[in-house]
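Okay, structure first, notes after.
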Amino acid sequence: MKDKIEPPALLREFAGFFTRAGFSVYMVGGAVRDYFRGQPAEDWDVATDAMPGQVIRLFRRVIPTGIAHGTVTVLFKGRKIECTTFRTETGYSDSRHPDHVQFGRVPVEDDLSRRDFTMNAIAVRLPDGAVVDPFGGREAIRSRRISAVGNPLDRFSEDGLRPLRCVRFAAQTGFTVDGETLAAIPPCLSATAAVSQERIRDELQKMLAAPRPSDAFRLMEQTGLLSLILPELAACRGVLQLGFHRDDVLDHLFLSCDLAAPGDPEVRLAALLHDTGKPFCREWNPEKGRFSFYRHEEKSAELAQSILTRLRFPRKTVEFVAHLVKNHMFRYTPDWSDAAVRRFLVRVGAENIPALFRLRAADFASTSAKTEEEARALVREQPETAGLARRISQEMQAHAVLSLKDLCVNGRDLQAEGIPAGPLMGKVMQSLFSAVLEDPRRNRKESLLEMAKTVYMRLSEK
Ligand code: ATP
Ligand code: MG
(Lines give C-alpha, C1' and ligand atoms only; values in the text may rest on other atoms or scores of the structure.)
(Ligands and ions follow the chains in the order given, each with its own letter.)
Protein backbone atom coordinates (compact mmCIF):
# COMPACT_ATOMS: atom_id res chain seq x y z
CA MET A 1 0.00 0.00 0.00
CA LYS A 2 1.28 3.46 -0.90
CA ASP A 3 2.61 5.40 2.05
CA LYS A 4 2.65 8.65 0.20
CA ILE A 5 0.12 10.31 -2.06
CA GLU A 6 0.12 13.48 -4.11
CA PRO A 7 -2.11 16.00 -2.27
CA PRO A 8 -4.06 18.52 -4.36
CA ALA A 9 -1.85 21.50 -5.33
CA LEU A 10 -4.16 23.99 -3.66
CA LEU A 11 -3.93 22.16 -0.32
CA ARG A 12 -0.11 22.04 -0.57
CA GLU A 13 -0.07 25.78 -1.08
CA PHE A 14 -2.53 26.20 1.82
CA ALA A 15 -0.31 24.05 4.04
CA GLY A 16 2.68 26.34 3.39
CA PHE A 17 1.10 28.99 5.61
CA PHE A 18 1.11 26.52 8.52
CA THR A 19 4.54 24.99 7.99
CA ARG A 20 6.26 28.36 7.53
CA ALA A 21 4.86 29.35 10.95
CA GLY A 22 6.15 26.10 12.48
CA PHE A 23 2.84 24.22 12.67
CA SER A 24 1.98 20.84 11.26
CA VAL A 25 -1.17 20.25 9.22
CA TYR A 26 -2.86 17.12 7.89
CA MET A 27 -5.67 16.42 5.47
CA VAL A 28 -8.27 14.30 7.34
CA GLY A 29 -11.86 13.05 7.31
CA GLY A 30 -14.16 12.48 4.37
CA ALA A 31 -11.81 13.88 1.73
CA VAL A 32 -9.06 11.36 2.58
CA ARG A 33 -11.61 8.53 2.67
CA ASP A 34 -12.97 9.61 -0.69
CA TYR A 35 -9.46 9.89 -2.15
CA PHE A 36 -8.77 6.24 -1.31
CA ARG A 37 -12.19 5.27 -2.67
CA GLY A 38 -11.28 6.96 -5.93
CA GLN A 39 -14.07 9.52 -5.52
CA PRO A 40 -13.72 13.28 -5.90
CA ALA A 41 -13.76 15.06 -2.53
CA GLU A 42 -16.66 17.39 -1.84
CA ASP A 43 -15.09 19.42 0.93
CA TRP A 44 -11.77 19.49 2.69
CA ASP A 45 -11.09 19.05 6.37
CA VAL A 46 -7.64 19.58 7.85
CA ALA A 47 -6.30 18.97 11.34
CA THR A 48 -3.48 21.01 12.85
CA ASP A 49 -1.59 21.58 16.07
CA ALA A 50 -2.18 25.33 15.68
CA MET A 51 -4.82 26.68 18.06
CA PRO A 52 -7.89 28.32 16.44
CA GLY A 53 -6.66 31.81 17.37
CA GLN A 54 -3.35 31.06 15.65
CA VAL A 55 -5.11 29.83 12.49
CA ILE A 56 -7.15 33.05 12.44
CA ARG A 57 -3.89 35.05 12.44
CA LEU A 58 -2.43 33.02 9.55
CA PHE A 59 -5.17 33.84 7.03
CA ARG A 60 -7.06 36.87 5.90
CA ARG A 61 -10.54 35.38 5.68
CA VAL A 62 -11.57 33.01 8.49
CA ILE A 63 -15.05 32.21 9.81
CA PRO A 64 -15.13 31.15 13.49
CA THR A 65 -17.54 28.25 12.80
CA GLY A 66 -17.02 26.29 16.00
CA ILE A 67 -14.29 27.82 18.12
CA ALA A 68 -15.49 25.88 21.19
CA HIS A 69 -14.83 22.63 19.27
CA GLY A 70 -11.55 23.98 17.93
CA THR A 71 -12.89 24.48 14.41
CA VAL A 72 -12.58 27.48 12.11
CA THR A 73 -13.31 27.71 8.38
CA VAL A 74 -10.66 29.31 6.18
CA LEU A 75 -11.68 30.82 2.85
CA PHE A 76 -8.73 30.10 0.59
CA LYS A 77 -8.76 30.81 -3.15
CA GLY A 78 -12.49 30.28 -3.43
CA ARG A 79 -12.55 27.09 -1.31
CA LYS A 80 -13.82 26.65 2.23
CA ILE A 81 -11.39 24.59 4.28
CA GLU A 82 -12.40 23.42 7.77
CA CYS A 83 -9.47 23.52 10.19
CA THR A 84 -9.77 21.65 13.45
CA THR A 85 -7.14 21.75 16.16
CA PHE A 86 -5.79 18.35 17.21
CA ARG A 87 -7.63 17.06 20.21
CA THR A 88 -7.86 14.10 22.50
CA GLU A 89 -11.08 13.38 24.33
CA THR A 90 -11.81 11.51 27.50
CA GLY A 91 -15.02 10.54 29.28
CA TYR A 92 -18.46 10.86 27.69
CA SER A 93 -20.75 10.62 30.70
CA ASP A 94 -23.75 12.17 28.89
CA SER A 95 -23.28 10.25 25.59
CA ARG A 96 -22.98 13.51 23.69
CA HIS A 97 -20.09 15.59 24.91
CA PRO A 98 -16.67 14.52 26.12
CA ASP A 99 -15.99 15.47 29.73
CA HIS A 100 -12.46 16.51 28.97
CA VAL A 101 -10.85 17.71 25.76
CA GLN A 102 -7.23 18.55 25.31
CA PHE A 103 -6.31 20.67 22.31
CA GLY A 104 -3.10 21.37 20.54
CA ARG A 105 0.24 19.66 20.70
CA VAL A 106 -0.76 16.00 20.75
CA PRO A 107 0.45 13.39 18.24
CA VAL A 108 -1.73 13.08 15.12
CA GLU A 109 -2.36 9.43 16.06
CA ASP A 110 -4.15 10.59 19.23
CA ASP A 111 -6.39 12.83 17.17
CA LEU A 112 -7.18 9.93 14.81
CA SER A 113 -8.02 7.63 17.70
CA ARG A 114 -11.05 9.77 18.69
CA ARG A 115 -12.58 9.46 15.22
CA ASP A 116 -15.53 7.17 14.52
CA PHE A 117 -14.65 4.67 11.79
CA THR A 118 -11.32 3.38 10.55
CA MET A 119 -12.01 4.68 7.03
CA ASN A 120 -12.44 8.16 8.59
CA ALA A 121 -9.30 7.89 10.72
CA ILE A 122 -6.58 8.31 8.07
CA ALA A 123 -4.46 11.45 7.90
CA VAL A 124 -2.30 12.73 5.04
CA ARG A 125 0.53 15.05 6.09
CA LEU A 126 0.77 18.27 4.13
CA PRO A 127 2.50 19.28 2.02
CA ASP A 128 4.46 16.03 1.43
CA GLY A 129 1.51 13.59 1.35
CA ALA A 130 2.84 11.05 3.88
CA VAL A 131 -0.04 8.75 4.94
CA VAL A 132 -0.74 8.11 8.64
CA ASP A 133 -3.07 5.14 8.98
CA PRO A 134 -2.77 3.58 12.43
CA PHE A 135 -6.12 1.69 12.33
CA GLY A 136 -5.98 0.04 8.90
CA GLY A 137 -8.39 2.50 7.29
CA ARG A 138 -7.06 1.93 3.78
CA GLU A 139 -7.43 -1.81 4.12
CA ALA A 140 -11.03 -1.32 5.32
CA ILE A 141 -11.77 0.83 2.28
CA ARG A 142 -10.15 -1.72 -0.03
CA SER A 143 -12.30 -4.49 1.41
CA ARG A 144 -15.34 -2.18 1.53
CA ARG A 145 -15.83 -2.50 5.28
CA ILE A 146 -17.03 -0.08 7.95
CA SER A 147 -15.42 -0.75 11.34
CA ALA A 148 -15.37 1.37 14.46
CA VAL A 149 -12.02 2.67 15.67
CA GLY A 150 -11.21 0.62 18.77
CA ASN A 151 -14.02 -0.97 20.78
CA PRO A 152 -17.35 -0.28 19.03
CA LEU A 153 -19.35 -0.54 22.26
CA ASP A 154 -17.24 2.24 23.76
CA ARG A 155 -17.39 4.37 20.63
CA PHE A 156 -21.18 4.12 20.28
CA SER A 157 -21.90 4.69 23.95
CA GLU A 158 -19.62 7.76 23.92
CA ASP A 159 -21.60 9.36 21.12
CA GLY A 160 -25.04 8.09 20.11
CA LEU A 161 -24.85 9.83 16.74
CA ARG A 162 -22.19 7.38 15.54
CA PRO A 163 -24.61 4.45 14.95
CA LEU A 164 -26.60 6.70 12.62
CA ARG A 165 -23.44 7.89 10.87
CA CYS A 166 -22.54 4.21 10.50
CA VAL A 167 -25.73 3.20 8.65
CA ARG A 168 -25.64 6.44 6.67
CA PHE A 169 -22.09 5.71 5.47
CA ALA A 170 -23.21 2.17 4.56
CA ALA A 171 -25.88 3.60 2.24
CA GLN A 172 -23.57 6.27 0.82
CA THR A 173 -20.66 3.96 0.06
CA GLY A 174 -22.32 0.56 -0.41
CA PHE A 175 -19.79 -0.83 2.13
CA THR A 176 -20.65 -3.62 4.58
CA VAL A 177 -20.76 -2.86 8.29
CA ASP A 178 -18.39 -5.13 10.15
CA GLY A 179 -20.25 -7.69 12.34
CA GLU A 180 -18.83 -6.58 15.65
CA THR A 181 -19.54 -2.93 14.86
CA LEU A 182 -23.13 -3.67 13.84
CA ALA A 183 -23.70 -5.83 16.92
CA ALA A 184 -22.65 -2.91 19.11
CA ILE A 185 -25.54 -0.71 17.97
CA PRO A 186 -28.45 -2.36 19.88
CA PRO A 187 -26.79 -2.21 23.32
CA CYS A 188 -26.06 1.50 22.77
CA LEU A 189 -29.54 2.66 21.74
CA SER A 190 -29.92 4.69 24.92
CA ALA A 191 -26.99 6.83 23.77
CA THR A 192 -28.74 7.47 20.45
CA ALA A 193 -31.93 8.35 22.34
CA ALA A 194 -30.00 11.27 23.87
CA VAL A 195 -29.05 12.81 20.50
CA SER A 196 -30.85 15.98 19.42
CA GLN A 197 -33.59 15.71 16.80
CA GLU A 198 -31.72 18.23 14.63
CA ARG A 199 -28.62 16.04 14.37
CA ILE A 200 -30.78 12.99 13.68
CA ARG A 201 -32.59 14.91 10.96
CA ASP A 202 -29.29 15.88 9.33
CA GLU A 203 -28.28 12.21 9.19
CA LEU A 204 -31.68 11.19 7.77
CA GLN A 205 -31.30 13.80 5.07
CA LYS A 206 -27.93 12.38 4.08
CA MET A 207 -29.44 8.86 4.00
CA LEU A 208 -32.22 10.13 1.74
CA ALA A 209 -29.62 11.50 -0.70
CA ALA A 210 -27.80 8.15 -0.92
CA PRO A 211 -28.25 6.00 -4.03
CA ARG A 212 -30.48 3.55 -2.11
CA PRO A 213 -31.72 4.94 1.23
CA SER A 214 -33.26 1.58 2.17
CA ASP A 215 -29.72 0.22 2.68
CA ALA A 216 -29.56 2.50 5.72
CA PHE A 217 -33.17 1.98 6.80
CA ARG A 218 -32.86 -1.83 6.75
CA LEU A 219 -29.79 -1.62 8.99
CA MET A 220 -31.73 0.73 11.23
CA GLU A 221 -34.55 -1.78 11.44
CA GLN A 222 -32.17 -4.67 12.13
CA THR A 223 -30.48 -2.80 14.99
CA GLY A 224 -33.53 -1.20 16.64
CA LEU A 225 -32.68 2.33 15.45
CA LEU A 226 -35.85 2.43 13.35
CA SER A 227 -38.16 1.67 16.31
CA LEU A 228 -36.33 4.33 18.29
CA ILE A 229 -36.35 7.11 15.70
CA LEU A 230 -39.21 6.29 13.35
CA PRO A 231 -41.54 3.95 15.29
CA GLU A 232 -44.37 4.78 12.87
CA LEU A 233 -42.36 3.13 10.10
CA ALA A 234 -41.35 0.13 12.20
CA ALA A 235 -45.09 -0.45 12.83
CA CYS A 236 -45.57 -1.07 9.09
CA ARG A 237 -43.53 -4.29 9.21
CA GLY A 238 -45.73 -7.33 8.70
CA VAL A 239 -48.75 -5.29 7.63
CA LEU A 240 -49.67 -7.31 4.55
CA GLN A 241 -51.59 -5.92 1.66
CA LEU A 242 -52.90 -9.16 0.21
CA GLY A 243 -53.96 -9.06 -3.37
CA PHE A 244 -52.47 -5.69 -4.10
CA HIS A 245 -48.83 -5.38 -3.15
CA ARG A 246 -46.31 -8.14 -3.20
CA ASP A 247 -44.54 -6.88 -0.11
CA ASP A 248 -45.71 -5.69 3.26
CA VAL A 249 -46.24 -1.98 3.81
CA LEU A 250 -42.70 -1.35 5.06
CA ASP A 251 -41.02 -3.02 2.08
CA HIS A 252 -43.34 -1.07 -0.20
CA LEU A 253 -42.33 2.20 1.49
CA PHE A 254 -38.62 1.38 1.30
CA LEU A 255 -38.84 0.51 -2.37
CA SER A 256 -40.92 3.60 -3.22
CA CYS A 257 -38.35 5.78 -1.47
CA ASP A 258 -35.47 4.14 -3.35
CA LEU A 259 -37.25 4.63 -6.66
CA ALA A 260 -37.73 8.38 -6.24
CA ALA A 261 -34.69 10.33 -7.46
CA PRO A 262 -31.78 10.97 -5.01
CA GLY A 263 -31.88 14.66 -5.92
CA ASP A 264 -35.57 14.88 -4.99
CA PRO A 265 -35.45 14.83 -1.17
CA GLU A 266 -39.01 15.93 -0.51
CA VAL A 267 -40.51 13.35 -2.85
CA ARG A 268 -38.25 10.70 -1.27
CA LEU A 269 -39.56 11.70 2.16
CA ALA A 270 -43.14 11.62 0.93
CA ALA A 271 -42.53 8.20 -0.65
CA LEU A 272 -41.08 6.89 2.61
CA LEU A 273 -44.08 8.06 4.62
CA HIS A 274 -46.96 7.91 2.16
CA ASP A 275 -48.64 4.76 3.56
CA THR A 276 -47.70 4.98 7.24
CA GLY A 277 -51.41 5.35 8.07
CA LYS A 278 -52.20 1.91 6.65
CA PRO A 279 -51.76 -0.07 9.90
CA PHE A 280 -54.53 2.14 11.36
CA CYS A 281 -56.95 1.80 8.44
CA ARG A 282 -56.71 -1.85 7.41
CA GLU A 283 -59.99 -3.72 6.94
CA TRP A 284 -60.71 -7.01 5.24
CA ASN A 285 -62.98 -6.50 2.28
CA PRO A 286 -64.82 -9.83 1.72
CA GLU A 287 -66.34 -8.74 -1.61
CA LYS A 288 -62.98 -7.93 -3.12
CA GLY A 289 -61.20 -10.71 -1.28
CA ARG A 290 -58.44 -8.39 -0.06
CA PHE A 291 -57.62 -5.74 2.51
CA SER A 292 -58.70 -2.19 1.91
CA PHE A 293 -57.21 0.87 3.56
CA TYR A 294 -60.01 3.39 3.41
CA ARG A 295 -58.76 7.00 3.75
CA HIS A 296 -55.27 5.88 4.75
CA GLU A 297 -53.85 8.89 2.89
CA GLU A 298 -55.37 11.22 5.48
CA LYS A 299 -53.97 9.29 8.43
CA SER A 300 -50.59 9.02 6.64
CA ALA A 301 -50.52 12.79 6.04
CA GLU A 302 -51.26 13.35 9.73
CA LEU A 303 -48.39 11.03 10.70
CA ALA A 304 -46.01 12.62 8.16
CA GLN A 305 -46.82 15.98 9.68
CA SER A 306 -46.11 14.85 13.24
CA ILE A 307 -42.97 12.84 12.36
CA LEU A 308 -41.35 15.67 10.40
CA THR A 309 -42.32 18.28 12.99
CA ARG A 310 -40.78 16.13 15.70
CA LEU A 311 -37.59 15.86 13.64
CA ARG A 312 -37.49 19.66 13.26
CA PHE A 313 -37.75 19.69 9.48
CA PRO A 314 -38.43 23.21 8.19
CA ARG A 315 -42.10 24.10 8.31
CA LYS A 316 -42.29 24.44 4.53
CA THR A 317 -40.95 20.92 4.06
CA VAL A 318 -43.40 19.49 6.61
CA GLU A 319 -46.38 21.12 4.92
CA PHE A 320 -45.28 20.20 1.42
CA VAL A 321 -44.56 16.54 2.20
CA ALA A 322 -47.84 16.17 4.14
CA HIS A 323 -49.72 17.74 1.23
CA LEU A 324 -48.17 15.30 -1.25
CA VAL A 325 -49.00 12.35 1.01
CA LYS A 326 -52.58 13.52 1.50
CA ASN A 327 -53.18 13.77 -2.23
CA HIS A 328 -51.47 10.63 -3.48
CA MET A 329 -54.63 8.53 -3.88
CA PHE A 330 -56.40 10.08 -6.89
CA ARG A 331 -57.82 7.67 -9.48
CA TYR A 332 -57.83 9.28 -12.88
CA THR A 333 -59.86 7.78 -15.70
CA PRO A 334 -60.28 9.34 -19.14
CA ASP A 335 -63.97 9.97 -18.45
CA TRP A 336 -63.12 12.69 -15.88
CA SER A 337 -64.90 15.87 -16.98
CA ASP A 338 -62.84 18.98 -17.70
CA ALA A 339 -64.34 20.43 -14.52
CA ALA A 340 -63.09 17.42 -12.54
CA VAL A 341 -59.58 18.00 -13.94
CA ARG A 342 -59.79 21.66 -12.89
CA ARG A 343 -61.04 20.77 -9.40
CA PHE A 344 -58.10 18.37 -9.01
CA LEU A 345 -55.70 21.06 -10.21
CA VAL A 346 -57.09 23.55 -7.68
CA ARG A 347 -57.03 21.05 -4.83
CA VAL A 348 -53.40 20.00 -5.43
CA GLY A 349 -52.11 23.36 -6.66
CA ALA A 350 -50.54 23.63 -10.14
CA GLU A 351 -47.06 24.14 -8.68
CA ASN A 352 -47.28 20.83 -6.75
CA ILE A 353 -48.45 18.64 -9.62
CA PRO A 354 -44.97 17.60 -10.93
CA ALA A 355 -43.82 16.45 -7.46
CA LEU A 356 -47.13 14.65 -6.82
CA PHE A 357 -46.74 12.77 -10.11
CA ARG A 358 -43.15 11.82 -9.24
CA LEU A 359 -44.39 10.45 -5.90
CA ARG A 360 -47.17 8.61 -7.65
CA ALA A 361 -44.74 7.15 -10.21
CA ALA A 362 -42.49 5.80 -7.43
CA ASP A 363 -45.52 4.36 -5.60
CA PHE A 364 -46.92 2.79 -8.78
CA ALA A 365 -43.57 1.38 -9.92
CA SER A 366 -42.99 -0.09 -6.46
CA THR A 367 -46.22 -2.08 -6.61
CA SER A 368 -46.36 -3.03 -10.26
CA ALA A 369 -42.86 -3.43 -11.72
CA LYS A 370 -41.45 -6.95 -11.97
CA THR A 371 -37.82 -5.92 -12.31
CA GLU A 372 -35.67 -3.01 -11.21
CA GLU A 373 -35.24 -2.00 -14.85
CA GLU A 374 -38.98 -1.92 -15.42
CA ALA A 375 -39.41 0.10 -12.23
CA ARG A 376 -36.86 2.69 -13.40
CA ALA A 377 -38.64 3.00 -16.76
CA LEU A 378 -42.02 3.51 -15.03
CA VAL A 379 -40.53 6.22 -12.82
CA ARG A 380 -38.93 7.95 -15.81
CA GLU A 381 -41.85 7.80 -18.20
CA GLN A 382 -44.75 8.10 -15.74
CA PRO A 383 -47.24 6.31 -18.02
CA GLU A 384 -49.84 6.05 -15.26
CA THR A 385 -50.34 9.80 -15.00
CA ALA A 386 -49.56 10.72 -18.62
CA GLY A 387 -53.24 11.06 -19.58
CA LEU A 388 -54.01 13.32 -16.63
CA ALA A 389 -50.83 15.36 -17.27
CA ARG A 390 -52.03 16.05 -20.82
CA ARG A 391 -55.48 17.10 -19.64
CA ILE A 392 -53.90 19.41 -17.05
CA SER A 393 -51.65 21.11 -19.56
CA GLN A 394 -54.67 21.66 -21.84
CA GLU A 395 -56.47 23.40 -18.97
CA MET A 396 -53.43 25.49 -18.15
CA GLN A 397 -53.06 26.55 -21.78
CA ALA A 398 -56.72 27.51 -21.93
CA HIS A 399 -55.97 29.97 -19.09
CA ALA A 400 -58.57 28.31 -16.90
CA VAL A 401 -59.67 30.17 -13.81
CA LEU A 402 -57.68 28.52 -11.03
CA SER A 403 -57.94 30.95 -8.16
CA LEU A 404 -60.19 33.72 -6.90
CA LYS A 405 -57.76 36.22 -8.39
CA ASP A 406 -58.61 34.96 -11.88
CA LEU A 407 -62.32 35.82 -11.52
CA CYS A 408 -63.36 38.89 -13.47
CA VAL A 409 -65.09 40.34 -10.42
CA ASN A 410 -63.49 41.27 -7.11
CA GLY A 411 -64.59 42.38 -3.65
CA ARG A 412 -64.87 46.01 -4.69
CA ASP A 413 -67.24 45.13 -7.53
CA LEU A 414 -69.44 43.21 -5.09
CA GLN A 415 -69.43 46.13 -2.62
CA ALA A 416 -70.62 48.41 -5.43
CA GLU A 417 -73.59 46.04 -5.77
CA GLY A 418 -74.41 46.49 -2.08
CA ILE A 419 -72.74 43.37 -0.67
CA PRO A 420 -70.81 44.39 2.47
CA ALA A 421 -67.27 43.12 3.08
CA GLY A 422 -67.26 40.24 5.59
CA PRO A 423 -67.62 36.48 5.91
CA LEU A 424 -70.72 36.35 3.70
CA MET A 425 -68.86 38.07 0.90
CA GLY A 426 -66.19 35.39 1.17
CA LYS A 427 -68.85 32.72 0.74
CA VAL A 428 -70.32 34.52 -2.24
CA MET A 429 -66.88 34.67 -3.90
CA GLN A 430 -66.41 30.95 -3.28
CA SER A 431 -69.73 30.12 -4.97
CA LEU A 432 -68.79 32.26 -7.96
CA PHE A 433 -65.45 30.48 -8.12
CA SER A 434 -67.06 27.00 -8.00
CA ALA A 435 -69.48 28.00 -10.73
CA VAL A 436 -66.66 29.24 -12.97
CA LEU A 437 -64.52 26.21 -12.22
CA GLU A 438 -67.43 24.10 -13.43
CA ASP A 439 -67.87 26.19 -16.58
CA PRO A 440 -65.24 28.83 -17.43
CA ARG A 441 -67.67 30.52 -19.85
CA ARG A 442 -69.44 31.90 -16.79
CA ASN A 443 -66.48 34.17 -16.07
CA ARG A 444 -68.22 37.32 -17.37
CA LYS A 445 -68.68 40.39 -15.24
CA GLU A 446 -72.38 41.08 -15.68
CA SER A 447 -73.65 37.56 -15.19
CA LEU A 448 -71.32 36.99 -12.21
CA LEU A 449 -72.61 40.14 -10.52
CA GLU A 450 -76.18 38.91 -11.04
CA MET A 451 -75.25 35.55 -9.57
CA ALA A 452 -73.51 37.27 -6.66
CA LYS A 453 -76.64 39.19 -5.74
CA THR A 454 -78.82 36.07 -5.86
CA VAL A 455 -76.38 34.03 -3.77
CA TYR A 456 -76.00 36.87 -1.26
CA MET A 457 -79.75 37.19 -0.82
CA ARG A 458 -80.13 33.46 -0.33
CA LEU A 459 -77.31 33.33 2.22
CA SER A 460 -78.48 36.36 4.19
CA GLU A 461 -82.01 34.92 4.52
CA LYS A 462 -80.67 31.87 6.34
P1 ATP B 1 -19.38 13.87 5.26
O2 ATP B 1 -18.74 15.24 5.20
O3 ATP B 1 -19.68 13.26 3.96
O4 ATP B 1 -20.52 13.79 6.23
P5 ATP B 1 -17.09 13.18 6.80
O6 ATP B 1 -16.43 11.87 7.11
O7 ATP B 1 -16.21 14.25 6.24
O8 ATP B 1 -18.29 12.86 5.87
P9 ATP B 1 -17.74 15.07 8.85
O10 ATP B 1 -18.96 15.12 9.69
O11 ATP B 1 -17.44 16.16 7.89
O12 ATP B 1 -17.76 13.65 8.12
O13 ATP B 1 -16.52 14.90 9.86
C14 ATP B 1 -15.16 14.90 9.46
C15 ATP B 1 -14.42 13.82 10.22
O16 ATP B 1 -14.55 14.05 11.62
C17 ATP B 1 -14.94 12.41 10.02
O18 ATP B 1 -14.39 11.80 8.89
C19 ATP B 1 -14.50 11.74 11.29
O20 ATP B 1 -13.14 11.41 11.23
C21 ATP B 1 -14.68 12.83 12.31
N22 ATP B 1 -16.01 12.79 12.95
C23 ATP B 1 -17.11 13.50 12.59
N24 ATP B 1 -18.14 13.25 13.42
C25 ATP B 1 -17.70 12.37 14.31
C26 ATP B 1 -18.28 11.73 15.45
N27 ATP B 1 -19.56 11.92 15.79
N28 ATP B 1 -17.49 10.87 16.17
C29 ATP B 1 -16.20 10.68 15.85
N30 ATP B 1 -15.62 11.23 14.78
C31 ATP B 1 -16.32 12.08 14.03
MG1 MG C 1 -16.81 16.30 5.79
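Atoms within each ligand, like the ligands themselves, are counted from 1 in listed order. Side-chain atoms are counted along with the backbone in the values below, which use heavy atoms only and exclude waters and symmetry mates. In this text the structure is predicted, and so the values were computed from the model without any measurement.
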Parallel, tilted or perpendicular: which describes the rings of F18 and F59, with under 30° parallel and over 60° perpendicular? tilted
What I want to check is whether the side chains of D363 and S256 have a donor and an acceptor closer together than 3.5 Å. no
Please report whether ligand 1 has a polar contact with R165, defined as an N or O pair separated by less than 3.5 Å (distance criterion only). yes
R168 heavy atoms within 4.0 Å reach ligand 1 at atoms 1 (P), 3 (O), 4 (O)
Enumerate the atoms of ligand 1 whose separation from the nearest heavy atom of G30 is less than 4.0 angstrom. 5 (P), 6 (O), 7 (O), 18 (O)
Verify, without hydrogens or angle tests, whether R168 (side chain) and M207 (backbone) share a donor-acceptor contact under 3.5 angstrom. no
Taking the six-membered ring for Trp, is the centroid-to-centroid distance between F344 and W336 below 6.0 Å? yes
Run the contact test for K206 against ligand 1 with a 4.0 Å cut-off on heavy atoms, strictly below, and give the result. yes
Residue-ligand contact R155/ligand 1, heavy atom below 4.0 Å: no
Would you mind checking if R212 and E372 are paired as a salt bridge, meaning a charged N to carboxylate O distance below 4.0 Å? no
Record the part of V28 in heavy-atom contact with ligand 1 below 4.0 Å; permitted values are side chain, backbone, both and neither. neither
One thing to verify: whether R155 and E158 come together as a salt bridge, which I'm taking to mean a side-chain N less than 4.0 angstrom from a carboxylate O. yes
Ligand-residue contact atoms, ligand 1 with D45, heavy atoms, under 4.0 Å: 7 (O), 11 (O), 14 (C)
Between ligand 1 and F117, can you find any atom pair, the residue atom being a heavy atom, that is separated by under 4.0 Å? no
With heavy-atom distances below 4.0 Å as the criterion, list the atoms of ligand 1 near G29. 15 (C), 18 (O)
In Å and rounded to the nearest 0.5 Å, what is the CG to CG distance from L259 to L359? 11.5 Å
So which bit of R33 gets within less than 4.0 Å of ligand 1, heavy atoms only: side chain, backbone, both or neither? side chain
Look at R138 together with D3 and state whether they make a salt bridge at an N to O cut-off of under 4.0 Å. yes
Structural part of W44 in contact with ligand 1, heavy atom criterion under 4.0 angstrom: neither
Side chain, backbone, both or neither: the part of M119 lying under 4.0 Å from ligand 1 by heavy atom: neither
For ligand 1, the portion of D159 having any non-hydrogen atom under 4.0 Å away: side chain
NZ/NE/NH1/NH2 to OD/OE distance under 4.0 Å, R37 and D34: yes
